[in-house]
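Numbers here simply count residues along the sequence, with the first being 1. Small disclaimer: the values here were computed from a predicted structure and weren't measured.
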Amino acid sequence: EDIRKFMKETYMTSDEKINLSIEIAAREKRLLEPLDYDRGYSLYVGIPFCPTTCLYCSFTSYPISKWKGRTGLYLEALFKELEYTAEKMKGRPLDTIYFGGGTPTSLPAEDIDAILCKLEQLFDTKNALEFTVEAGRPDSITEEKLKVLASHGISRISINPQTMNQKTLDLIGRRHTVENVKEKFHIARELGFDNINMDLIMGLPGEDLDDVKHTLEEIEALKPDSLTVHSLAIKRAARLNMFKEEYADLKINNTPEMIALSEACARRMGMEPYYLYRQKNMAGNFENVGYSLPGKACIYNILIMEEMQTIAACGALVDDRVGVVVLRVAEEVELVVKQVHLQDSLVHAHRLYVEALAAYYIEILLGQCGLLLCHLVECTLTQALLQTGLMLADLALDTADGTVYGSIHISRRFLGADNQTNLTHRDLDRLLAAQLAECNRGIRILLEVAIQLLYLTQCILTQLVLDLDFSFDDSELHKIIS
């Protein structure tokens, strides 16, 4: 009763939503009880490729067609990160593994097999509670790829139609048919997959109540093991938002009737709601709810939303959820700074603090795995450089005359030419700015912080990555602090 009163008075929540929240919270508690939050962890492996980018999507995903024959570069960097993560997490129980993106099944079957073999080599995958692979886009799935997943004992896959109305699929840029969804679903069943999730989105452009009814009827006929019902959330970097003038005539409707229909459909199939979350800009101001049959809930989904456990994320543009580790590192950095302050050395304290933070982020996010800055750019940061076949080879900054300026030497590695081109940091800014609109919030922050660190601390971060020599100007530091 206290919970009900608090939610009603503080958030003005309806009785219907309070009941849903309490039901899910009780189920989550039971599902998570066996886990060791302090010692255990989960692993996320990110694959930033898709067949195409959907109209509403703001996730980091690049057309796999542009990477044909070059995905080995990505795997090379990913494996180094995985090796580092396995070493750091040695001795801790691995609870869940989630292979997401993007669309992991966009990769060729041999690449998928190579990644899964690497995971089995480095981690205790056999004792994990679950191993999910997002096969999301039906146009990325082949029987050969599903056989690869089955051979590695993958316990859960997602085949995500989002809608079963062909006109909507065409509109949102998904190059597959409704029949493709059914075909790939049946192939997966024939191969023995007994935990298949399907994602739907309520509020897709142009869809009405009848369209939603049709989608739910088709899904109910397939009988998946779990159903995740999303309310459309239009993010800043989605094409639907960036080019909103082109889609001004499209109506976006998400009504209580649509949400109620989806819940009724899930419950008719014997499913129960097991996790829930909300986002900004959601159509109809509703929520995302995951339903599953008993014993088929996705533990990882609960962990990532409730932030109850450390999740080590490997791959391009992924977000670690580090629990206890962050607190410990923060305490260590604070302790270092306090010790240095006792020596009354402002410059030394500043440098140690920046180096400690930079080393931590390189260690945790990049894996301290010997990645040069060129690999970082090739595999994670600047799609502009990737698309033109450029590789960042060296960055140098100087403040000898009191003015920060820089030059970047770029080699046309993928074009096979050795000629060098000098760009000022203003050129670099323009190059990066062209891509910021397509980057997610996290990578934007990373780029901005990286540039600030390079300019304001005279290549401390670059020195850590590339081991370049640098000179430190005390007067510049005092100006910055002032």
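- Pairs engaging residues 45-61 under the salt bridge (Lys or Arg N to Asp or Glu O under 4.0 Å) rule: none recorded [sequence neighbours left out].
- Here the closest non-hydrogen pair linking A188 and I157 is CB-CD1, 4.0 Å.
- Considering every non-hydrogen atom in both R39 and R92, the closest pair reads O-NE, 2.8 Å.
- Of all heavy-atom pairs between A283 and N254, the closest is O-ND2, 2.9 Å.
- A search for side-chain contact (heavy atoms from CB on, under 4.5 Å) contacts involving Q279 returns A233, K235, Y277, M282, N288, not counting sequence neighbours.
- When every heavy atom of T85 is checked against every heavy atom of C314, the shortest pair comes out as OG1-SG, 3.2 Å.
- Of the inter-residue distances, the one linking D225 atom CG with I196 atom CD1 reads 6.0 Å to the nearest 0.5 angstrom.
- Judged by distance alone, the side chain of R70 and the main-chain N or O of K66 form a donor-acceptor pair under 3.5 Å.
- The CG atom of N301 sits 10.0 Å away from the CD atom of E28 when rounded to the nearest 0.5 Å.
- Counting only heavy atoms from C-beta outward, the side chains of L146 and I141 approach each other to under 4.5 Å.
- Contact annotation: the side chain of T255 never approaches that of V212 to less than 4.5 Å [non-hydrogen atoms, C-beta and beyond].
- Sequence neighbours left out, the pairs with a member in residues 283-293 that pass salt bridge (Lys or Arg N to Asp or Glu O under 4.0 Å) are K17-E287.
- For residues 258-268, the set of pairs meeting the side chain to side chain donor-acceptor pair (under 3.5 Å) definition, not counting sequence neighbours, comprises E23-R267, E220-R268, E263-R267.
- For Y300, the ring pair (Phe, Tyr, Trp, His ring centres under 6.0 Å) test picks out Y98, with sequence neighbours left out.
- Distance alone, capped at 3.5 Å, is enough to place a donor-acceptor pair between the D36 side chain and the D38 backbone.
- Ion pairing of E83 with K80 is absent here, as no side-chain N (NZ or NE/NH1/NH2) approaches a carboxylate O to less than 4.0 Å.
- Residues I97 and F123 fail the side-chain proximity criterion, which asks for heavy atoms closer than 4.5 Å.
- Of all heavy-atom pairs spanning P224 and M269, the tightest one is CD-SD, 4.0 Å.
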Mind running side chain to side chain contact (heavy atoms under 4.5 Å, CB included) on R4 and N19 for me, showing each step along the way? CA-CA 8 Å; R4 292 179 183 279; N19 291 337; 2.6 Å; yes
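- Atoms CD1 and CG, on I24 and L31 in that order, are 11.5 Å from each other to the nearest 0.5 Å.
- Counting non-hydrogen atoms of neighbouring residues, nucleotides and ligands closer than 6.0 angstrom, the CG atom of L191 exceeds 12 such neighbours.
- Counting only residues at least two apart or in different chains, salt bridge (Lys or Arg N to Asp or Glu O under 4.0 Å) contacts with residues 154-170 comprise K167-D211.
- Across all their heavy atoms, G46 and Y74 have their closest contact at O-OH, 2.5 Å.
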Please output the side-chain donor-acceptor pairs of residues 290-299 that fall under 3.5 Å, not counting sequence neighbours, one pair per line with the distance.
{"unit_1": "S292", "atom_1": "OG", "unit_2": "A297", "atom_2": "N", "d": "3.3"}
{"unit_1": "K296", "atom_1": "NZ", "unit_2": "D194", "atom_2": "O", "d": "3.0"}

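- Side chains of T168 and T215 form no contact here, defined as non-hydrogen atoms less than 4.5 Å apart.
- For the side-chain contact (heavy atoms from CB on, under 4.5 Å) test, residues two or more places apart in sequence or in another chain that qualify with D210 are D208, K213.
- The CG atom of L200 lies 7.5 Å from the OG1 atom of T163; values are rounded to the nearest 0.5 Å.
- In this structure D139 satisfies the side-chain contact (heavy atoms from CB on, under 4.5 Å) test together with P51, R137, R175, H176, sequence neighbours excluded.
- Atom SG of residue C265 and atom CG of residue L216 lie 4.5 Å apart, to the nearest 0.5 angstrom.
- In this structure, L169 and T177 have side chains that are not in contact, with every pair of non-hydrogen atoms separated by 4.5 Å or more.
- The line from CE of M198 to CD of E218 is 10.0 Å long, rounded to the nearest 0.5 Å.
- With hydrogens and angles left out, the side-chain atoms of S158 and D199 include no donor and acceptor closer than 3.5 Å.
- At a threshold of 4.5 Å between non-hydrogen side-chain atoms, the residues V45 and L78 count as touching.
- Side chains of L119 and L43 form a contact here, defined as non-hydrogen atoms less than 4.5 Å apart.
- Ring-centre distance between F49 and W67: below the 6.0 Å cut-off.
- Under a 3.5 Å cut-off, the side chain of T13 and the backbone N or O of I18 do not form any donor-acceptor pair.
- L250 meets the side-chain contact (heavy atoms from CB on, under 4.5 Å) test with L171, P205, Y247; sequence neighbours excluded.
- With contacts defined as side-chain heavy-atom distances shorter than 4.5 Å, the pair I112/P104 does not qualify.
- Legend: salt bridge (Lys or Arg N to Asp or Glu O under 4.0 Å) pairs involving residues 142-154, not counting sequence neighbours, sorted by first then second residue: E143-K147.
- Among residues at least two apart or in separate chains, ring-ring contact (aromatic ring centres under 6.0 Å, His included) pairs with a member in residues 4-30 are F6-Y11.
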